[in-house]
2 protein chains.
Amino acid sequence: MNKVLLIDDEERMLELLTLYLKPYPYFCRKAVGAKAGLKFVKEEKFDLILLDIMMPEMNGWEVCREIRQYSDVPIIMVTAREQKEDIVKGLKLGADDYITKPFNEEELVARMDALLRRTRPVNRIEVERLLWDEDQFELSYKKQLVKLTPKEFAIIGLLMKNPGRVFSRNQLIDLVWGMHSETEGRTVDSHVRNMREKIREVGFPIDDYFHTVWGVGYKWIRK
Amino acid sequence: MNKVLLIDDEERMLELLTLYLKPYPYFCRKAVGAKAGLKFVKEEKFDLILLDIMMPEMNGWEVCREIRQYSDVPIIMVTAREQKEDIVKGLKLGADDYITKPFNEEELVARMDALLRRTRPVNRIEVERLLWDEDQFELSYKKQLVKLTPKEFAIIGLLMKNPGRVFSRNQLIDLVWGMHSETEGRTVDSHVRNMREKIREVGFPIDDYFHTVWGVGYKWIRK
DNA sequence: AATTAATTTGAAATATTTTAAAAACTGCAC
DNA sequence: GTGCAGTTTTTAAAATATTTCAAATTAATT
């Protein structure tokens with residue numbers, strides 16, 4: 001069951017959307033107006049957001065831009081009519097898709113399904129019997145569990161999901177801790193050290209995979 | 001003995017279905033027409049519904065959609081002929097299977113049995129002589145009863161049914177209390193503590209199974 | 001050899017979980 | 001309705017685990 005946030009200033013539209021989505025595996029939460037919407041986004045985790053562009057206090061683009069400062073949640077913009085300008089602007093600000101009013105049930109659901117399908121996050125990845133599993137929050141090598149802390153788990157997951165790519169300490173801080181974190185770059189080193197040690201203990205050749213890129217950062221070797 | 005609701009506007013068809021199902025462990029209730037059907041669904045609990053699509057007052061899809069707003073009861077749609085569009089639409093609205101007229105006894109029963117088999121909810125689960133039984137609302141270890149409160153019972157049941165998977169406090173609140181609950185995450189901790197203590201008392205090694213995942217939530221270990 | 005960066009180390013600062021106990025709530029019997 | 005018993009929720013303190021940071025050490029680069 002996917003959690004969807006509907007943001008619109010018109011209650012009628014919120015009701016209509018809820019009604020449309022009722023038969024589908026979507027659980028809707030309704031936010032009346034931009035401010036209420038932003039509040040919801042900060043407090044809860046959603047799988048998708050349907051965001052109306054035309055709202056009085058703050059328009060949909062501003063809401064979209066603000067959300068994108070701290071979240072990658074998929075967003076579909078709802079526009080009154082086919083206005084190319086609007087659409088381009090919306091997508092540039094980070095929206096993932098758009099739909100024009102009036103729309104029918106099938107189109108709405110089809111776009112939502114498609115967006116979720118293409119943005120579904122990777123939550124399991126395996127390399128040479130080293131398995132990173134986000135659902136279980138476990139890293140294991142040949143069935144032996146490696147007990148990692150949340151930060152260690154997040155760091156190795158990010159690197160494994162992006163093999164070959166170097167991440168600087170600051171990038172890691174932005175991605176793992178979240179932007180606006182004040183954490184020092186050296187802190188990453190500590191976590192890396194602890195993590196390497198724990199993984200080494202179970203016998204996985206971590207040093208063949210998790211490399212330091214001198215003067216730049218860290219990367220997971222693509223084999 | 002499974003309780004089945006037959007919804008059709010033709011009495012002849014209701015009789016035919018009842019006749020077919022007579023030799024099998026199904027107890028049939030007949031509803032003539034959509035309205036009567038919906039009334040039954042609201043008043044009684046059924047294990048399965050056989051729903052005709054072509055009915056005068058309100059067609060089967062509408063009935064299906066309405067039922068799905070408040071119930072997950074398995075539904076098999078009965079369609080006059082193989083119409084792909086109809087079937088797709090019906091299944092999207094939440095029906096679980098369909099059967100086309102004319103059908104024979106074997107096919108009907110086979111589909112009903114199969115549907116019941118795959119939708120039967122887990123209501124009993126046992127791990128190392130710790131038995132969680134939803135029908136009796138009892139948890140016991142080697143026949144000794146553990147007296148749990150409803151919340152405690154629901155939490156351990158959910159975790160046992162999903163071994164290996166971590167649930168965050170918020171997820172647990174959504175799933176056990178229901179979305180839109182205002183309950184604090186810390187409340188979960190209290191229930192967990194009380195539950196652990198009660199289970200520990202009867203001698204089950206609960207700490208080997210029910211783990212805290214630091215910074216994330218709780219999980220039941222898959223052994 | 002000098003310089004710069006990474007790693008190790010350990011201890012302090014933070015965060016999270018557990019424990020415990022009190023307060024609020026609920027359903028039921030009277 | 002009122003009171004009661006059991007349940008649920010809240011709160012605060014204690015116990016644990018993680019995260020951070022800075023200093024000392026080691027390694028790589030020029």
Side-chain angles (χ1 to χ4, degrees), chain A residues 137-139 145-159 166-201 206-221, chain B residues 137-139 145-159 166-201 206-221:
Chain A
F137 202 85
E138 275 180 6
L139 182 80
L145 224 63
V146 185
K147 210 166 157 289
L148 299 184
T149 70
K151 292 282 188 286
E152 292 161 7
F153 186 76
I155 292 170
I156 191 172
L158 178 62
L159 281 263
V166 191
F167 290 88
S168 70
R169 293 172 175 68
N170 281 332
Q171 275 181 300
L172 284 171
I173 288 170
D174 284 350
L175 293 165
V176 170
W177 278 251
M179 312 277 187
H180 57 68
S181 166
E182 306 285 308
T183 307
E184 288 266 338
R186 294 281 133 245
T187 298
V188 176
D189 299 29
S190 284
H191 292 297
V192 166
R193 174 192 129 63
N194 296 334
M195 190 199 75
R196 279 172 162 157
E197 180 56 23
K198 289 176 184 175
I199 296 176
R200 219 172 271 131
E201 275 170 10
I206 185 71
D207 302 307
D208 294 349
Y209 286 94
F210 196 111
H211 280 200
T212 297
V213 180
W214 229 83
V216 185
Y218 298 101
K219 81 153 120 175
W220 185 266
I221 300 298
Chain B
F137 199 86
E138 276 180 5
L139 183 80
L145 224 63
V146 185
K147 213 165 155 291
L148 298 183
T149 69
K151 292 280 188 288
E152 292 161 7
F153 187 76
I155 291 170
I156 191 173
L158 179 62
L159 282 260
V166 190
F167 290 87
S168 70
R169 292 172 174 69
N170 282 332
Q171 275 182 300
L172 284 170
I173 287 170
D174 284 351
L175 294 166
V176 170
W177 277 253
M179 311 275 187
H180 56 66
S181 165
E182 305 287 308
T183 307
E184 291 259 340
R186 296 281 132 247
T187 300
V188 176
D189 300 30
S190 286
H191 292 296
V192 166
R193 173 189 129 67
N194 296 333
M195 190 200 74
R196 278 171 163 158
E197 183 56 26
K198 289 176 185 175
I199 296 175
R200 219 172 270 132
E201 275 169 9
I206 184 70
D207 301 307
D208 294 349
Y209 285 94
F210 196 113
H211 281 199
T212 298
V213 181
W214 223 87
V216 185
Y218 296 101
K219 81 153 115 174
W220 184 268
I221 299 298

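Every chain is numbered from 1, with letters handed out A, B, ... down the list of sequences.
- One finds a side-chain N or O of A:T183 lying less than 4.0 angstrom from the OP1 or OP2 phosphate oxygen of D:dT20.
- With B:F210 as the fixed residue, the side chain to side chain contact (heavy atoms under 4.5 Å, CB included) test singles out one of B:D207, B:T212, B:I206, B:D208: B:I206.
- Inter-residue side-chain proximity for A:L148 and A:F137 is flagged as unmet; no heavy-atom pair is nearer than 4.5 Å.
- Atom CD in A:E184 sits roughly 14 Å away from atom C1' in D:dA23 (whole-Å rounding).
- Looking at B:Q171 and B:L158, their side chains never come closer than 4.5 Å, going by heavy atoms from C-beta outward.
- Using a 4.5 Å cut-off on side-chain heavy atoms (C-beta onward), B:Y209 and B:L159 make no contact.
- Over its length, the helix from C:dA1-D:dT30 to C:dC30-D:dG1 turns its helix axis by 30°, as judged from the five terminal pairs at each end, rounded to 10°.
- Put simply, B:W177 has a side-chain N or O that comes within less than 4.0 Å of OP1 or OP2 on D:dT9.
- B:V188 places a side-chain heavy atom less than 4.5 Å from the side chain of B:I173.
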For every nucleotide of nucleotides 17-25 of chain C, 5' to 3': is a protein heavy atom under 4.0 Å from its base (B), only from its sugar-phosphate (S), or from neither (-)?
BBBB-----
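- Side chain of A:S181 to main chain of A:G178: no donor-acceptor pair is present (N/O by atom type, distance under 3.5 Å, no hydrogens or angles).
- Taking a 4.0 Å limit (strictly below) on heavy-atom distances, residues 149-157 of chain A reaches DNA chain D at A:T149, A:P150, A:K151.
- Rounded to a whole Å, the CD1 atom of A:I173 is 12 Å from the C1' atom of D:dT19.
- Residues A:R169 and A:Y218 have side chains in contact (heavy-atom distance under 4.5 Å, counting atoms from C-beta outward).
- A side chain to side chain donor-acceptor pair (under 3.5 Å) with B:E152 is found for exactly one of B:R193, B:H191, B:K198, namely B:K198.
- Under the 4.5 Å side-chain criterion, counting only non-hydrogen atoms from C-beta, B:T149 is not in contact with B:N194.
- Using a 4.5 Å cut-off on side-chain heavy atoms (C-beta onward), A:K151 and A:W177 make contact.
- Taking atom NE2 of A:H191 as the reference point, atom C1' of C:dA15 lies 12 Å away to the nearest angstrom.
- We find that CG of A:D207 is positioned 10 Å from P of C:dT7, with the value rounded to whole Å.
- Side-chain atoms of A:L145 and A:K147, non-hydrogen and from C-beta on, never get closer than 4.5 Å to each other.
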